[in-house]
Amino acid sequence: MSVSHASVHPVEDPPTTEGPNNPPRARMKDVQGMPGTPGGLILRIAQFFFALAALSVMASTNDFPSVTAFCYLVAAAGLQSLWSLTLAIVDIYALLVMRSLQNPRLVSLFTMGDGITSTLTFAAACASAGITVLIDNDIGSCAQNHCVQFETATAMAFMSWFTALPSFLLNFWSLASR
């Protein structure tokens, strides 16, 4: 009868991360772009500046209140800039005190907030782009309007959405992978 015999193989201890030559290991959950990471802080700052630029450029024109889509863009960009600034401050605090922001309730709040603000910003940018194309191409009255400012504000809103989308997707992925 042929029977295999069990053998014991020694397993090495993983090296410790304590000491001057061994930096602390990064956890798998700390993907750059998520809350509490330097990449997440960069995304939040970019969101804030693009939304603030869209808000400032659109509000600097005197005839934006006459078009509902432009008013919507100002409101959405204002909300996006406040949300991004608040979370940038939270990210700065988390980085300074070296805390992880991977609490499930906190990640849920970030995910819902990012989803709502990015959707509103995208919808406002699309509506403003439609009105800008209407004024420029179809009506042909850019001489009487501030088309360059409208186009710039719309582009900044799209850039704000483009930087808000990775934050939402990474938070959603983190939430879904629990």
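Being a predicted model, the structure only gives us computed values, none of them experimental. Positions are given from 1 along the sequence.
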Quiz item: Does Asp91 come within less than 4.0 Å of Arg99, counting only side-chain N to carboxylate O?
Solution: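 Arg99 and Asp91: not salt-bridged.
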How close do [X] and [Y] get, counting heavy atoms only, and between which atoms?
X	Y	answer
Gly78	Leu55	CA-CD2, 4.2 Å
Ala77	Ala54	CB-CB, 4.3 Å
Ser118	Ala164	CB-CB, 3.9 Å
Ser128	Leu73	OG-CB, 3.4 Å
Leu175	Pro104	CD1-O, 4.0 Å
Leu95	Gly36	CD2-O, 3.2 Å

State the [atom1]-[atom2] distance between [X] and [Y], to the nearest 0.5 angstrom.
X	Y	atom1	atom2	result
Ser81	Leu52	OG	CG	6.0 Å
Phe48	Ile45	CZ	CD1	9.5 Å
Phe110	Leu101	CZ	CG	5.5 Å

Practice problem: Begin with the C-alpha distance, continue with both residues' side-chain angles, and end with the deciding distance and a verdict on side chain to side chain donor-acceptor pair (under 3.5 Å) for Gln80 and Thr121. | Solution: CA-CA 7 Å; Gln80 179 69 50; Thr121 303; 3.2 Å; yes
Quiz item: Near Tyr72 OH, under 6.0 Å, is it more than 12 heavy atoms from other residues, nucleotides or ligands?
Solution: yes
Report yes if the side chains of [X] and [Y] come closer than 4.5 Å at any heavy-atom pair, otherwise no.
X	Y	result
Phe150	Ile131	no
Val90	Pro35	no
Phe70	Asp63	no

Quiz prompt | Whether Ser160 side chain and Met156 backbone form a donor-acceptor pair below 3.5 Å | solution =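 Such a contact is absent between Ser160 side chain and Met156 backbone.
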Exercise. Look at the side chain of Gln47 and the backbone N and O of Thr163, then say whether any donor-acceptor pair between them is shorter than 3.5 Å.
Key: yes
Quiz item: Step by step, would you call Ser174 with Gln102 a side chain to side chain donor-acceptor pair (under 3.5 Å)?
Solution: CA-CA 8 Å; Ser174 173; Gln102 296 303 315; 3.1 Å; yes
Exercise. Return yes if a side-chain donor-acceptor contact under 3.5 Å exists between Gln149 and Ser60, otherwise no.
Key: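 No - no donor-acceptor pair under 3.5 Å links their side chains.
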Quiz prompt | Trp161 and Phe122 aromatic ring geometry - parallel, tilted or perpendicular at 30°/60° bounds | solution =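 Correct class here is tilted.
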ILVMFWY network linking [X] to [Y], side-chain heavy atoms under 4.5 angstrom:
X	Y	answer
Leu96	Leu41	yes
Ile116	Leu109	no
Leu43	Leu120	no

Quiz prompt | ring-ring contact (aromatic ring centres under 6.0 Å, His included) against Trp83, all qualifying residues, sequence neighbours excluded | solution = none
Practice problem: Step by step, work out the side-chain contact (heavy atoms from CB on, under 4.5 Å) result for Asp114 and Leu87. | Solution: CA-CA 10 Å; Asp114 284 340; Leu87 291 188; 4.1 Å; yes
